Engineer: 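This is the structure I have questions about; it appears just below.
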Amino acid sequence: MKISVTFITLNSEKTLKPVLEAVSWADEIILVDSGSTDKTLEIAQQFKAKIVYRVFDGYGSQKNFATEQASHDWILSLDDDEILTPELQKEIQDLDLKNTDYQGFKTPRSLIFLGKLLRFSGEYRRLTLRLFNRKYGNWNAEYVHESVEVKGKIGTLKNQILHDSYRDLTDFFNKFNKYTSLGAKTLAERGKTASSLKIISRFPTTFLKIYLLKGSCLDGYAGFMWALLTAINPVVKYAKLKEMSERK
């Protein structure tokens, strides 16, 4: 069975080349771009990717559209900062997808933050569904924190994806602002509200959970910064939700 690899991109030149190199063996590469002005498309052309333009309206819908552009039913859907290790590349290529009982496969994924592989912090080898048969599922339509939903049996691969998501703090905060705004929009559409007390209490509880309970203190400076910035995320997201409610 042939595999189509799909991506959604916007100004992804900093991470895209090693990501595409790791899937150059695939039968097809689909790239749905929402208006890159850097060298993203030039890099994609080097790997003979099929490039389609689409206005961004949410991560889930954008990834669903990418799935629809594929020629093959088995989809390996990756972010533009997710690199398959050589071991995982071989493991996927060795799968007998034509005769498998599974309709999707979860893969361990580990975060690289500020140049360090986080081995604690709750971000080491977290399972994520990236390889699936589109006859049985696709991405949900969430604006952010989208996920693949498959009807059928799900297998688990042994080898991992390296998630090199944030090259520096500037990159983190650029994504942070976008993610928190989309998260607040999702909560608003679900009728959620945010009180001042809820906003204030989110930071200490989230920080202590990640830094102490999940052990990010063992990841040194990078672990501290990850716990700190991750704890700020729900504070800002719910503050934006409160702001949206007050404007109405």
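Not measured: the values here are computed from a predicted model. Along the sequence shown, residues carry numbers from 1.
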Engineer: Which atom pair, heavy atoms only, marks the closest approach of Ala44 to Leu20?
Structural biologist: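 Shortest heavy-atom separation between Ala44 and Leu20 comes out as CA-CD1, 3.9 Å.
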
Engineer: Between Ile30 and Ala66, which heavy-atom pair has the shortest distance, and what is it?
Structural biologist: CG2-O, 4.1 Å

Engineer: Can you measure from CG (Leu228) to CZ (Phe203) and round to the nearest 0.5 angstrom?
Structural biologist: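 Interatomic distance, Leu228 CG to Phe203 CZ, rounded to 0.5 Å: 5.0 Å.
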
Engineer: Decide whether Asn233 and Thr230 meet the rule of one side-chain donor and one side-chain acceptor closer than 3.5 Å.
Structural biologist: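 Per modelled atom types, Asn233 and Thr230 side chains form no pair under 3.5 Å.
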
Engineer: Any chance the side chains of Gln160 and Ser110 put a donor and an acceptor closer than 3.5 Å?
Structural biologist: yes

Engineer: Looking only at the side chains, is there a donor atom on one of Glu149 and Asn140 sitting less than 3.5 Å from an acceptor on the other?
Structural biologist: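 Distance-only check passes for Glu149 and Asn140.
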
Engineer: Within the 3.5 Å criterion, strictly below it, is a donor on Trp139 or Ser77 matched to an acceptor on the partner's side chain?
Structural biologist: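 Checked: Trp139/Ser77 side chains pair up, N/O donor to acceptor below 3.5 Å.
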
Engineer: Determine whether Leu187 and Lys237 satisfy the following criterion, side-chain contact (heavy atoms from CB on, under 4.5 Å), listing intermediate values before the conclusion.
Structural biologist: CA-CA 9 Å; Leu187 292 172; Lys237 179 174 66 176; 4.0 Å; yes

Engineer: Less than 4.0 angstrom from a charged side-chain N to a carboxylate O is my criterion; do Glu123 and Arg126 meet it?
Structural biologist: yes

Engineer: Taking the six-membered ring of Tyr136, is NZ or CZ of Lys151 closer than 6.0 Å to its centre and within 45° of its axis?
Structural biologist: no

Engineer: Taking the side chain from Glu243 and the backbone from Ala239, do they hold a donor-acceptor pair closer than 3.5 Å?
Structural biologist: no

Engineer: Cation-pi check, Lys175 to Tyr166: give yes when NZ or CZ is under 6.0 Å from the six-membered ring centre and within 45° of the ring axis, no otherwise.
Structural biologist: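 Yes, a cation-pi geometry holds between Lys175 and Tyr166.
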
Engineer: Group every Ile, Leu, Val, Met, Phe, Trp and Tyr by side-chain heavy-atom contacts under 4.5 Å, then state whether Met1 and Leu88 land in the same group.
Structural biologist: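 In one cluster: yes.
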
Engineer: What is the distance from atom CG of Leu16 to atom CZ of Phe47, rounded to the nearest 0.5 Å?
Structural biologist: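 Taking CG in Leu16 and CZ in Phe47, the distance rounds to 7.5 Å.
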
Engineer: How close do Leu229 and Phe176 get, heavy atom to heavy atom, and via which atoms?
Structural biologist: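 Residues Leu229 and Phe176, closest heavy atoms: O-CE1, 4.2 Å.
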
Engineer: Taking C-beta and beyond as the side chain, do Trp74 and Lys2 meet within less than 4.5 Å on heavy atoms?
Structural biologist: no

Engineer: Can you tell if the side chain of Phe173 reaches within under 4.5 Å of the side chain of Asp171, non-hydrogen atoms only?
Structural biologist: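 Contact flag for Phe173/Asp171 side chains = no.
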
Engineer: If you look only at distance, which donor and acceptor atoms sit under 3.5 Å apart when one is on a side chain in residues 190-197 and the other is two or more places apart or in another chain?
Structural biologist:
{"from": "Arg190", "atom 1": "NH2", "to": "Glu142", "atom 2": "OE1", "distance (Å)": "2.8"}
{"from": "Arg190", "atom 1": "NH2", "to": "Glu142", "atom 2": "OE2", "distance (Å)": "2.6"}
{"from": "Ser195", "atom 1": "OG", "to": "Lys198", "atom 2": "N", "distance (Å)": "3.1"}

Engineer: Count I, L, V, M, F, W, Y as connected when their side-chain heavy atoms are under 4.5 Å apart, and connections chain through other members. Are Ile3 and Ile8 then in the same cluster?
Structural biologist: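 They do not share one cluster, since no chain of ILVMFWY contacts under 4.5 Å joins Ile3 to Ile8.
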
Engineer: Please answer whether the main-chain N or O of Ser12 pairs with a side-chain N or O of Thr40 as donor and acceptor at a distance below 3.5 Å.
Structural biologist: yes

Engineer: Between Arg130 (side chain only) and Val148 (backbone N and O only), is there a donor and an acceptor less than 3.5 Å apart?
Structural biologist: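 Not confirmed, Arg130 side chain does not pair with Val148 backbone.
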
Engineer: Report yes if the side chains of Phe207 and Phe224 come closer than 4.5 Å at any heavy-atom pair, otherwise no.
Structural biologist: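 With C-beta onward as the side chain, the pair touches.
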
Engineer: Does Lys106 make a cation-pi contact with Phe132, if we ask for NZ or CZ under 6.0 Å from the ring centre and within 45° of the axis?
Structural biologist: no

Engineer: Going by distance alone, is a donor N or O of one side chain under 3.5 Å from an acceptor N or O of the other, for Asn64 and Asn138?
Structural biologist: yes

Engineer: Look up atom CZ in Arg119 and atom OH in Tyr124, then write down how far apart they are to the nearest 0.5 Å.
Structural biologist: 4.5 Å

Engineer: Are Ile92 and Leu157 side-chain neighbours, meaning at least one heavy-atom pair lies under 4.5 Å?
Structural biologist: yes

Engineer: Mark yes or no for whether Thr180, through its side chain, and Asn177, through its backbone, hold a donor-acceptor pair below 3.5 Å.
Structural biologist: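 Side chain of Thr180 to backbone of Asn177: a pair is present.
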
Engineer: Please report the interatomic distance CG(Leu169) to CG(Asn174), rounded to the nearest 0.5 Å.
Structural biologist: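 The CG atom of Leu169 sits 11.0 Å away from the CG atom of Asn174.
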
Engineer: Applying side-chain contact (heavy atoms from CB on, under 4.5 Å) to Thr107 and Leu127, what does each step give before you reach the verdict?
Structural biologist: CA-CA 5 Å; Thr107 305; Leu127 292 178; over 6 Å; no

Engineer: Which pairs with one or both residues in residues 199-214 pass side chain to side chain donor-acceptor pair (under 3.5 Å), sequence neighbours excluded?
Structural biologist: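 Output for this query is empty, none listed.
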
Engineer: Following the transitive rule for hydrophobic clusters with a side-chain heavy-atom cut-off under 4.5 Å over Ile, Leu, Val, Met, Phe, Trp and Tyr, establish whether Leu76 and Val52 coincide in one cluster.
Structural biologist: no

Engineer: Would you say the side-chain atoms of Ser181 and Lys240 include a donor-acceptor pair closer than 3.5 Å?
Structural biologist: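 There is such a pair between these side chains.
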
Engineer: Quick one: does Leu41's side chain get under 4.5 Å of Asp33's, heavy atoms only?
Structural biologist: yes

Engineer: For the backbone of Thr67 and the side chain of Arg134, can you confirm whether one donor and one acceptor N or O come within less than 3.5 Å of each other?
Structural biologist: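 A pair under 3.5 Å: yes.
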
Engineer: Is it the case that more than 12 heavy atoms not belonging to Lys39 sit under 6.0 Å from its NZ atom?
Structural biologist: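 Atom NZ in Lys39 is not packed in, count stays at 12 or less.
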
Engineer: Can you list the steps and then say if Leu78 with Val23 is a side-chain contact (heavy atoms from CB on, under 4.5 Å)?
Structural biologist: CA-CA 10 Å; Leu78 298 171; Val23 295; 3.8 Å; yes

Engineer: Testing the 3.5 Å rule here: is there a donor-acceptor pair between the side chains of Asp96 and Thr100?
Structural biologist: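 Side-chain D/A pair, Asp96 to Thr100: absent.
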
Engineer: Under a 3.5 Å cutoff, is there a donor and acceptor pairing between the side chains of Asp80 and Thr9?
Structural biologist: no

Engineer: So, Glu91 versus Asn159: side-chain donor-acceptor pair below 3.5 Å or not?
Structural biologist: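 Distance-only check passes for Glu91 and Asn159.
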
Engineer: Looking at every non-hydrogen atom in both residues, tell me the closest pair between Ala222 and Leu118 and how far apart they are.
Structural biologist: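 Result for this residue pair: CB-CD2, 4.0 Å.
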
Engineer: Would you indicate whether Phe172, at its atom CZ, is surrounded by more than 12 heavy atoms from other residues, nucleotides or ligands within a distance under 6.0 Å?
Structural biologist: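 Result for CZ/Phe172: enclosed.
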
Engineer: Which heavy atom of Tyr143 sits nearest to which heavy atom of Leu182, and what is that distance?
Structural biologist: O-CD1, 3.8 Å

Engineer: Do Glu28 side-chain atoms and Ser4 backbone N/O form a donor-acceptor pair below 3.5 Å?
Structural biologist: no

Engineer: Got a donor-acceptor contact below 3.5 angstrom from the Thr85 side chain to the Ile161 backbone?
Structural biologist: no

Engineer: Will you find, in the side chains of His163 and Asp81, an N or O donor that is under 3.5 Å from an N or O acceptor?
Structural biologist: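 Side-chain D/A pair, His163 to Asp81: present.
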
Engineer: Show, in sequence, the C-alpha distance, side-chain angles and deciding distance for Ser216 and Asp219, and conclude whether the side-chain hydrogen bond (donor to acceptor under 3.5 Å, both in side chains) test is met.
Structural biologist: CA-CA 5 Å; Ser216 73; Asp219 278 321; over 6 Å; no

Engineer: Any sub-3.5 Å donor-acceptor pair from Glu82's side-chain atoms to Asp79's backbone N or O?
Structural biologist: yes

Engineer: Indicate whether any N or O donor in one side chain lies under 3.5 Å from an N or O acceptor in the other, for Arg54 and Gln62.
Structural biologist: yes

Engineer: Between atom OG1 of Thr6 and atom CD1 of Ile29, what is the distance when rounded to the nearest 0.5 Å?
Structural biologist: 10.5 Å

Engineer: Kindly determine whether Trp226 and Phe120 satisfy side-chain contact (heavy atoms from CB on, under 4.5 Å), including the steps that lead there.
Structural biologist: CA-CA 11 Å; Trp226 177 251; Phe120 303 93; over 6 Å; no

Engineer: Count I, L, V, M, F, W, Y as connected when their side-chain heavy atoms are under 4.5 Å apart, and connections chain through other members. Are Val5 and Leu10 then in the same cluster?
Structural biologist: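 No; tracing contacts between hydrophobic side chains, which count when under 4.5 Å, never links both residues.
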
Engineer: So, the side chain of Glu146 versus the backbone of Ala141: is there a donor-acceptor pair under 3.5 Å, distance only?
Structural biologist: no

Engineer: Is Leu95 linked to Leu84 within one hydrophobic cluster, defined over Ile, Leu, Val, Met, Phe, Trp and Tyr using a side-chain heavy-atom separation of less than 4.5 Å?
Structural biologist: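 Yes, Leu95 and Leu84 fall within the same hydrophobic cluster.
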
Engineer: To the closest 0.5 Å, what do you measure between CZ (Phe7) and NZ (Lys63)?
Structural biologist: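 Result: 10.5 Å between the selected atoms.
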
Engineer: Determine the minimum heavy-atom distance between Val144 and Gly183, stating which atoms define it.
Structural biologist: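 Scanning both residues completely, I find the closest heavy atoms to be CG1-N, 3.7 Å.
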
